[in-house]
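Below is one structure; the comments refer to it alone.
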Amino acid sequence: MASFILGPDTAGSGRVPAAFNNLVGLKPTRGLLSSSGMLPACRSLDCMSIFALTTDDAEAVLCVAEGEDGGDGYSRSNPFDNNARHYGRWDGWVVVGVVREEQLQFFGDTAYAKAYADTVAQVRELGWEIREIDFTPFLEAARLLYEGPWVAERYLATLPLIEERPESLHPITRAIIGAGSAPRATDIFTAEYRLEALRKRCHAILGEVTCLLTPTAGRHYSIAEVEQEPVALNSNLGFYTNFMNLLDLSAVAVPGCFTTGGMPFGITLLHQAFTDRKLLSIANRLQQHLDLSPGAVGFTLPVSNRQAVREARWIDVVVCGAHMEG
């Protein structure tokens, strides 16, 4: 029905729905796409995301939509090594970071656990190096989003509605956002200090890999399940996503192997800010390798961009001359 969709992503809304619908979900670097006109949730963390059938389509929309917006205080200019010329089919060496096995969470969904294992096995077939990383600092950062003072931003975004007509909000939404009136300024600074320390640890881990690969979500709940435990299960859905914008990371969700029951499963590739084209290029290579039917079952995956790209920071130099001998 549509070639692409735009949607806001504060905690995972541009990635989890993509995984559940067999789509590519690009969560760009914060500020790469303007947030002007977007209804804010946490204005300092919000970003616009792109849903598409393929990485090529996501890249095409990104090319049109990106650009610094003088009317958006959080808008940022894109550096040269993240522009459109650096998108293609990744042809360089890849060190893929994966979460330690004991730190993975599938919340009892054995089908999703197997789909993840099958997808990682497909990644190994590409000859890429797989390296386990400590996921602890990412998880601690994720908890700050709802358990820390950032919920005050959600309270601010709903003013004056939550104070003048609180009954108009869904009771669960009202309960979560209502807690945002409690944090003090000292709480915010304390959390900021902790987040900065976690950011350094996480970026150091990312510096050792080309990208980090995680499940996009640990379980695919039914609507009935979520209605019974909305807060706990929505928290579970953000297990692999809630830390992303707090740590200023770029990410792309990619369809992975289906479950044995035929349910969509997805993985997310992530790294530091302004690595959007690198991640899209790696995702392009992976999507072509998996060769899965995108979106609604029955579509054929089209031939993708075959332009070979690799690490933009390095170029090959040929040196000639007898004086170079020895």
Side-chain angles (χ1 to χ4, degrees), residues 8-15 27-35 38 40-49 68-69 72-79 81-82 95 97-100 103 105 131-157 176-177 179-214 235 238-252 268-276 278-279 313:
D9 188 320
T10 305
S13 301
R15 290 157 280 157
K27 189 215 75 67
T29 301
R30 284 191 290 108
L32 192 57
L33 301 188
S34 171
S35 294
M38 183 198 299
C42 292
R43 193 176 167 212
S44 67
L45 301 177
D46 294 339
C47 71
M48 187 63 75
S49 63
E68 191 167 6
D69 175 10
D72 176 6
Y74 287 97
S75 181
R76 301 152 86 180
S77 59
N78 196 27
D81 60 1
N82 191 42
V95 179
V98 296
V99 180
R100 290 177 183 168
Q103 294 176 327
Q105 272 283 8
R131 185 181 301 174
E132 287 193 342
I133 62 97
D134 179 13
F135 203 48
T136 304
F138 295 91
L139 292 176
E140 186 177 342
R143 287 193 292 270
L144 288 173
L145 186 60
Y146 288 102
E147 297 175 17
W150 276 270
V151 72
E153 252 195 309
R154 293 184 180 267
Y155 190 90
L156 182 63
I176 293 171
I177 296 176
S181 64
R184 301 173 300 173
T186 51
D187 297 326
I188 294 173
F189 281 107
T190 299
E192 277 283 2
Y193 300 153
R194 184 56 188 155
L195 178 60
E196 204 57 37
L198 290 169
R199 186 180 289 125
K200 285 185 178 297
R201 287 176 59 190
C202 292
H203 283 218
I205 291 170
L206 292 173
E208 298 176 357
V209 297
T210 313
C211 66
L212 177 57
L213 183 158
T214 72
S235 178
F239 185 83
Y240 297 105
T241 62
N242 285 352
F243 58 84
M244 208 80 70
N245 286 335
L246 282 168
L247 296 175
D248 195 16
L249 305 179
S250 171
V252 56
T268 293
L269 307 176
L270 61 109
H271 210 269
Q272 296 172 0
F274 299 111
T275 57
D276 309 89
K278 178 197 286 188
L279 293 173
R313 292 180 299 171

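Atom CG of residue Asp81 and atom NZ of residue Lys278 lie 8.5 Å apart, to the nearest 0.5 angstrom. For the atom pair Arg30 CZ and Asp9 CG, the distance stands at 11.5 Å (nearest 0.5 Å). We find the CE-CG distance between Met48 and Leu32 to be 12.5 Å, quoted to the nearest 0.5 Å. Here the straight-line distance linking atom CG of Asp69 with atom OG of Ser77 works out to 12.5 Å at 0.5 Å rounding. Here the SG atom belonging to Cys211 is positioned 7.5 Å from the CG atom belonging to Leu270, to the nearest 0.5 angstrom. Between the CG atom of Leu279 and the OG1 atom of Thr268 there is a distance of 10.0 Å, given to the nearest 0.5 Å.
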Test side chain to side chain contact (heavy atoms under 4.5 Å, CB included) applied to Leu144 and Leu198, step by step: CA-CA 11 Å; Leu144 288 173; Leu198 290 169; 4.2 Å; yes

Pair Asn242-Arg143, side chain to side chain contact (heavy atoms under 4.5 Å, CB included): steps then yes or no: CA-CA 8 Å; Asn242 285 352; Arg143 287 193 292 270; over 6 Å; no

Working for side chain to side chain contact (heavy atoms under 4.5 Å, CB included), residues Trp150 and Leu195: CA-CA 11 Å; Trp150 276 270; Leu195 178 60; 3.7 Å; yes

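Across all non-hydrogen atoms, the minimal contact from Leu212 to Gly97 is CD1-O, 3.2 Å. Nearest heavy atom pair, residue Ala157 against residue Ala41, reads CB-O, 3.6 Å. Heavy atoms only, all atoms of each residue included: Tyr240 and Gln105 are closest at OH-N, 2.7 Å. Considering all non-hydrogen atoms of both residues, Thr136 and Gln103 come closest at OG1-NE2, 3.1 Å. When all heavy atoms are compared, the tightest approach of His271 to Val209 is NE2-O, 3.0 Å.
With Asn82 as reference, Asp276 is the one residue of Thr275, Thr29, Asp276 to meet the side chain to side chain donor-acceptor pair (under 3.5 Å) rule.
Side chain of Thr241 to main chain of Ala11: a donor-acceptor pair is present (N/O by atom type, distance under 3.5 Å, no hydrogens or angles). A donor-acceptor distance shorter than 3.5 angstrom exists from the side chain of Asp72 to the backbone of Ser35, with no hydrogens or angles considered. Side chain of Gln272 to backbone of Leu206: no donor-acceptor contact under 3.5 angstrom is found. Tyr74 places no side-chain N or O within donor-acceptor distance of the main-chain N or O of Cys47, the cut-off being under 3.5 Å.
Side-chain contact between Arg154 and Thr10: present, with at least one pair of heavy atoms (C-beta onward) separated by less than 4.5 Å. Between Phe243 and Leu145, every side-chain heavy-atom pair lies at or beyond the 4.5 Å cut-off.
In this pair, Phe138 and Phe135 present their aromatic rings parallel. The plane angle is below 30°, not in the 30 to 60° band.
Environment of CZ in Arg43: sparse, with no more than 12 heavy atoms of neighbouring residues, nucleotides or ligands closer than 6.0 Å.
Using a cut-off of 4.0 Å between Lys/Arg side-chain N and Asp/Glu carboxylate O, Arg199 and Asp248 are scored as not salt-bridged.
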